[in-house]
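As the structure lists them, so they are numbered: ligands from 1, and atoms in each ligand from 1.
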Amino acid sequence: MRRNAALAFVVTLSLLAGTRALRAQAGPAPSMAPYRDATSRLIGAALADTAAWQRLAELTDTFGHRLAGSQGLEGAIVWAVAQMTRDGLDNVRAEKVMVPHWVRGRESAELVAPVRHAIVMLGLGNSVGTPKGGIEAEAVVVRSFDDLDARGARLKGKIVVFNVPFTGYGPTVQYRSSGASRAAAYGAVGMLLRSVGQPGLRTPHTGAMTYAADQPKIPAAAITNEDADRLQRIQDRGQTLVVRLSMEAQMLPDAESANVMAEIPGREHPEEVIVLGCHFDSWDVGTGATDDGGGCIASWEAVRLMKALGLRPRRTVRVVLFTNEENGLRGGLGYRDQHQAELASHVLMVETDGGVFRPLGFGFSGNDAARATVNDIASLLSIVGATKIGASGGGADIGPSVQAGSIPSMSLDVDGALYFTIHHTPADTIDKIPPEDLARCVASLAVMSYVVAELPQRLGR
Ligand SMILES: [Zn+2]
């Protein structure tokens, strides 16, 4: 024991020495010396209080969810314009965009045979409803598209249940997007989906789905991991499942919405723009605190702090709260179309839509010279731990503009441990977000956008 304790002491000492050596190396890059004063002030102001968290709390407590077409979203847009004006930001405006207007209505699912059990569910966004009174049909659990194809015509008249474990958003979300039409192609009358997310506490995850033009539209809903596993076990015991599904969901005519933006106009090159983007809409469950109220408040706060500290960089920094990312992307498409003539002078677009947990750095897509520059800028963020520049960056809302204008793009990278547990669920509420993490995200966005806007040379593309 003693020898082990002595060894542990020596190991601890050398670890401490190693940490010190690392810290010494991890200071700001020498090229960042001209920006140290301003960025220290930005970081200090961001970390000084919980202003960002308080503003996010006010947004989510007051307006609740913000699905496209809802009063919550439109009320929040009016509020944001008023608050940005009160913050003293310039060129505050709401640019009109028409958005899809899907409403959920009442909905339920129940296992009716071989035993009766409620199934915890959420209809998928854009789904059609069931006929009045619901549908009742034999349900068949499948584990993959291959499994679906193998059963083929035997699925006629059945409700197909996709029980596909979450192995990452990319590989699993295809079942949510196209599962209904793939099942409808074999004559299925309904589709249930194991929620696309990490296991939670019997929490269903909604999200967008689309219908193939050449297949009948069948109702589609997500069920919890726990309920999917239960249906699987009963089927595996050789018993026949019968499920009743009832959904009032419907798509109404397009509604009017808007992208909200505000700026610090550049003092030398006001026509050159750095965009901090996020999406202001959310799903209609929970309050969209993480997806993506937090990203919006963090981006907005970054700009507000520049204003409050009297920092006016050479180029314009613009915050854009995009509308309707979740079930239409009309905000991102609308911005691209309305700002077409200006895209060539967009220097960088940053999206924050991966949560506002402890920041780690940024993903970046751009040329090597620009990458070296943003790497140097990130060295100013060692105090908040956000120094890593990842291989690629971007986001859904900025995507259309980035593509059309070949604009360098970035995304804030954060500790993602909790993100896909609460994503698109009733549990997406502000209590999951530590105020100090949100403050660090604000600091990261403020420093990155300020320095890119202040560099003597425009970031290359
Ligand atoms: Zn989002």
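- In this structure, R304 pairs ionically with E301, as a charged nitrogen and a carboxylate oxygen lie closer than 4.0 Å.
- When the Zn ion (ligand 1) is compared with the N/O/S atoms of D291, atom OD1 turns out nearest.
- Of all N/O/S atoms in H279, NE2 sits nearest the Zn ion (ligand 1).
- The residues D284 and R66 are annotated as not salt-bridged, no charged nitrogen and carboxylate oxygen being separated by less than 4.0 angstrom.
- Of all N/O/S atoms in D353, OD1 sits nearest the Zn ion (ligand 1).
- When atom types are taken as modelled, the side chain of T425 and the backbone of I422 share a donor-acceptor pair closer than 3.5 angstrom.
- Salt bridge annotation for D227-R202: present, with a cationic side-chain nitrogen under 4.0 angstrom from a carboxylate oxygen.
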